[in-house]
Amino acid sequence: VINHLGFVSGFAFLGASLLLWRVSGSRGRRLLLAEAVLVAAMLGTTAYVQLHIVPAMERDRAAVGGDITSVPTDNPTRAHFNALHATSENVEGTGLLLGLGVVLLMAAEDTSREAIPVTR
C-alpha cells in the first residue's frame, strides 16, 4: 500500500514539476530537471522491487508453505529469500537517498520571487 502511495505521489510531483517548468528561469529549470530525474529514478527503484523482487520473495514463501521463518536458515529457499530481502532493502535504501537528494535540490530553489499572477 505504501508503495502505491509513493507511485501516486511521485507522478503528482512530476506533474507539478511540469507546471513549474513553464514559469521558471534557466536555473530553476535545471533544478526541476534534476529533481524530476531523481524522482523518476525513485519510481524506478520502487517499481523494480514491486515487480521483480517481491514476486520472487512470495514464490519462495509459498514454496516453504507460507512461513519462511519455519524452515532452517540453511534451507536453499530461505537463503534465496534472505538474499532477495537484502537486495530489496538496498534498492529501497537507494530510493530513500534519491529522495534526500530531491529535498536538497528543493532547498536550493529560489523562493524569493513574488507569486506569479494567475491569468484567465
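Predicted, not measured: the structure shown is a model, and the values here were computed from it.
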> Do the non-hydrogen side-chain atoms of Arg29 and Leu33 ever get within less than 4.5 Å of each other?
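Result no, sub-4.5 Å side-chain heavy-atom pair not found.
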
> Determine, using the 4.5 Å side-chain heavy-atom cutoff (strictly less than), whether Val54 and Ile68 are members of one ILVMFWY cluster.
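Yes, it is one cluster - the side chains of Val54 and Ile68 are joined through contacts under 4.5 Å.
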
> What are the two closest non-hydrogen atoms of Ser24 and Leu32, and how far apart are they?
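Where Ser24 meets Leu32 most closely, the heavy atoms are OG-CD1, 3.5 Å.
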
> Using the side-chain hydrogen bond (donor to acceptor under 3.5 Å, both in side chains) rule, collect all pairs that involve residues 68-79, keeping only residues at least two apart or in two chains.
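Applying side-chain hydrogen bond (donor to acceptor under 3.5 Å, both in side chains) to every pair that reaches into residues 68-79, excluding sequence neighbours, yields Asp67-Thr69.
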
> Should side-chain heavy atoms under 4.5 Å link Ile, Leu, Val, Met, Phe, Trp and Tyr, which residues sit in the same cluster as Leu97?
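Via sub-4.5 Å side-chain contacts, Leu97 links to none.
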
> Residues in side-chain contact (heavy atoms from CB on, under 4.5 Å) with Ala56, at least two apart?
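With sequence neighbours excluded, Ala56 shows a side-chain contact (heavy atoms from CB on, under 4.5 Å) to Arg59, Leu84, given in chain and number order.
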
> Apply ring pair (Phe, Tyr, Trp, His ring centres under 6.0 Å) to Tyr48 and list each qualifying residue two or more places apart in sequence or on a separate chain.
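Tyr48 satisfies ring pair (Phe, Tyr, Trp, His ring centres under 6.0 Å) with His52 only.
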
> When hydrophobic residues are tied together by side-chain contacts of less than 4.5 Å, even through go-betweens, does Leu20 share a cluster with Val37?
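Linked within one cluster.
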
> For His85, enumerate each residue passing the ring pair (Phe, Tyr, Trp, His ring centres under 6.0 Å) test, keeping only those at least two apart in sequence or located in another chain.
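His85: no ring pair (Phe, Tyr, Trp, His ring centres under 6.0 Å) contacts found.
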
> Shared ILVMFWY cluster between Leu104 and Leu31, side chains joined below 4.5 angstrom?
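Per the 4.5 Å side-chain linkage, Leu104 and Leu31 are not co-clustered.
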
> Give a yes or no on whether Phe11 and Met106 share a hydrophobic cluster (residues Ile, Leu, Val, Met, Phe, Trp, Tyr; joining criterion: side-chain heavy atoms under 4.5 Å apart).
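Cluster IDs for Phe11 and Met106 match.
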
> My understanding is that only residues two or more places apart in sequence, or in another chain, count here; which of them pass side-chain contact (heavy atoms from CB on, under 4.5 Å) with Asn3?
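Thr46, Gln50, Glu92.
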
> Residues in side-chain contact (heavy atoms from CB on, under 4.5 Å) with Leu38, at least two apart?
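Applying side-chain contact (heavy atoms from CB on, under 4.5 Å) to Leu38 gives Leu98, Val102, Leu105.
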
> Looking only at heavy atoms, what is the nearest atom pair of Ile53 and Ser88, with distance?
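Scanning both residues completely, I find the closest heavy atoms to be CG2-CB, 3.7 Å.
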
> Going from CD1 on Ile2 to NE2 on His4, what distance comes out if it is rounded to the nearest 0.5 angstrom?
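Between Ile2 CD1 and His4 NE2, I get 12.0 Å after rounding to 0.5 Å.
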
> What residues form a salt bridge (charged side-chain N to carboxylate O under 4.0 Å, His left out) with Arg61, not counting sequence neighbours?
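Result, salt bridge (charged side-chain N to carboxylate O under 4.0 Å, His left out) vs Arg61: Glu58.
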
> What ring-ring contact (aromatic ring centres under 6.0 Å, His included) pairs are there with at least one residue in residues 20-46, not counting sequence neighbours?
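Listed by first then second residue: nothing to list.
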
> Sequence neighbours left out, what passes side-chain contact (heavy atoms from CB on, under 4.5 Å) with Ala62? Give chain and number order.
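If we apply the side-chain contact (heavy atoms from CB on, under 4.5 Å) test to Ala62, skipping adjacent residues, there are no hits.
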
> Apply the hydrophobic cluster definition, ILVMFWY joined by side-chain contacts under 4.5 Å directly or through others, and give me every member besides Leu5.
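Direct or chained contacts put Leu5 with none.
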
> How many angstroms lie between CE in Met42 and CZ in Phe13, if you round to the nearest 0.5 Å?
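Those atoms lie 9.0 Å apart.
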
